[in-house]
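Because only heavy atoms are used, hydrogens play no part in the values below, and waters and symmetry mates are left out as well, while side chains stay in. Since we're looking at a predicted model, the values are computed, not measured. This chain uses plain numbering: 1 for the first residue, then up along the sequence.
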Amino acid sequence: MAHQVSDHQSHLPVAQATVLTLPPSSQTKDLRSRWTTLDSLLCGAFAGAVAKTVIAPLDRTKIIFQVSSKRFSAKEAFRLIYCTYMKDGMLSLWRGNSATMVRVMPYAAIQFCSHEKYKKLLGNYYGFQGKALPPFPRLLAGSLAGTTATMLTYPLDMVRARMAVTAKEMYSNIMHVFLRISQEEGLKTLYRGFTPTILGVIPYAGITFFTYETLKKLHAEKTKRSQPYPYERLAFGACAGLIGQSASYPLDVVRRRMQTAGVTGSSCRTIMGTMREIVTQEGVVRGLYKGLSMNWVKGPIAVGISLTTFDITHNLLFRLHQTSFFIH
């Protein structure tokens, strides 16, 4: 009996050591690589959905002011929210959110996943594998990620804007918006406002990701902690959103005007024509920056929640995969 026990004990560490030190096969490496991409897509979609749902009423209100000639103020914004609630109920504040989810989940998934890929590609190109990128590649990675996501999901943003500024009697659901726009205004309308969107997303996504990654890098250098606490991530994301959205806001107003021209009666179809119309009728600050103060509230909240949710869920899934890998 003693011999059997000692024999069993002597073999156990050897078996464990063999399992832990065996190099993963090429098939296992490929599987882990695919799971990393899938993780980024899932975490990005979840992060975008959570962030946009939280700020949906403020987002809808901002769009309504952006596409109208009404003067924006915090008092008028909250009056609009209150009147909408009293007239159509609480759920009306989230009108268009289904279109937002259809658009923002693939958009956020593609943006976050492509950002991770661009960071690796640029890191390999500039010789910074596994390290924080220098400033310019860091900015470039964010801009490329935002551009990639926008190009692939733009029609969904167009549909979402239409649903946000119209009564439910006009468009009953997402497919109805697609069908009516295609039949009455042509398929090209689905890409109206695309140019100012791309011109706006390049500095917005670039500055947002650049600021967030830079703050995390500075934090790690100062505190010697590789991972910030959740509230620190929220603060970094809020700063990133505030700076990024402020830099590109006028182009956001222009694209909303162009997207909703078919239902608001605007005759402008070009960026400069739309800008000229806005400045002439409403002025530079009250026109091109209309609703910016609300963006300073909702933008940092949304970006902070989105970036924090992505980082936390991505790190959690990575740890789960590591645990699963070592167990098996």
Side-chain angles (χ1 to χ4, degrees), residues 59-72 96 99-100 102-104 107 110-111 139-140 142-167 170-171 174 176-208 244-295 299:
D59 209 19
R60 181 176 184 269
T61 303
K62 183 204 72 172
I63 293 174
I64 291 173
F65 274 99
Q66 281 183 328
V67 302
S68 72
S69 58
K70 295 179 181 178
R71 182 176 175 181
F72 176 84
T100 300
V102 171
R103 177 247 174 191
V104 81
Y107 178 89
I110 293 168
Q111 184 183 44
L139 182 69
L140 184 59
S143 295
L144 289 172
T147 302
T148 302
T150 300
M151 290 175 67
L152 294 175
T153 62
Y154 185 79
L156 294 170
D157 188 49
M158 172 72 171
V159 169
R160 176 251 185 159
R162 284 291 181 94
M163 289 189 73
V165 301
T166 56
M170 186 168 185
Y171 298 120
I174 298 169
H176 189 206
V177 184
F178 273 113
L179 288 173
R180 283 198 62 175
I181 291 176
S182 301
Q183 292 171 356
E184 298 174 7
E185 303 174 54
L187 287 173
K188 286 185 178 180
T189 304
L190 292 173
Y191 281 89
R192 183 180 294 159
F194 179 73
T195 303
T197 301
I198 287 293
L199 292 176
V201 84
I202 289 172
Y204 167 66
I207 292 171
T208 299
Q245 291 189 346
S246 297
S248 60
Y249 194 78
L251 287 166
D252 188 47
V253 175
V254 170
R255 78 178 173 116
R256 292 303 185 197
R257 292 291 178 96
M258 294 178 72
Q259 286 175 338
T260 58
V263 293
T264 59
S266 175
S267 59
C268 289
R269 296 292 184 271
T270 65
I271 298 174
M272 293 309 298
T274 305
M275 276 192 169
R276 198 179 305 113
E277 181 183 80
I278 294 171
V279 171
T280 301
Q281 296 179 0
E282 304 164 54
V284 176
V285 176
R286 291 179 181 174
L288 293 177
Y289 288 90
K290 179 184 288 183
L292 179 59
S293 57
M294 178 169 283
N295 240 38

* Asked: Can you list the steps and then say if M275 with L251 is a side-chain contact (heavy atoms from CB on, under 4.5 Å)?
  -> CA-CA 9 Å; M275 276 192 169; L251 287 166; 4.2 Å; yes
* Asked: Are any of the side-chain heavy atoms of L156 and Y107 separated by less than 4.5 Å?
  -> no
* Sub-4.5 Å side-chain heavy-atom contact between L199 and I271 -> yes
* To do: Flag the pair M170 / R162 as yes when at least one side-chain heavy-atom distance between them is below 4.5 Å, and no otherwise.
  => no
* **Side chain to side chain, V177 and I174, heavy atoms closer than 4.5 Å** => no
* With rounding to the nearest 0.5 Å, note down the distance linking CD1 in I202 to CG in L144. => 8.5 Å
* Asked: Just by modelled atom types, is the M158 backbone N or O under 3.5 Å from a matching donor or acceptor in the Y191 side chain?
  -> no
* For R255 and V201, run side-chain contact (heavy atoms from CB on, under 4.5 Å): C-alpha distance rounded to whole Å, both residues' side-chain angles, the deciding distance at 0.1 Å, then the answer. => CA-CA 11 Å; R255 78 178 173 116; V201 84; over 6 Å; no
* Asked: More than 12 non-hydrogen atoms from neighbouring residues, nucleotides or ligands closer than 6.0 Å to CZ on R180, yes or no?
  -> yes
* Asked: Is R257 salt-bridged to E282, cutoff N-O under 4.0 Å?
  -> yes
* Asked: Are M151 and I198 side-chain neighbours, meaning at least one heavy-atom pair lies under 4.5 Å?
  -> yes
* Report the C-alpha distance between D157 and Q259 in whole Å, list the side-chain angles of each, state the deciding distance to 0.1 Å, and finish with yes or no for side-chain hydrogen bond (donor to acceptor under 3.5 Å, both in side chains). => CA-CA 9 Å; D157 188 49; Q259 286 175 338; 3.1 Å; yes
* Is there a donor-acceptor contact under 3.5 Å from the side chain of Y154 to the main chain of L190? -> no
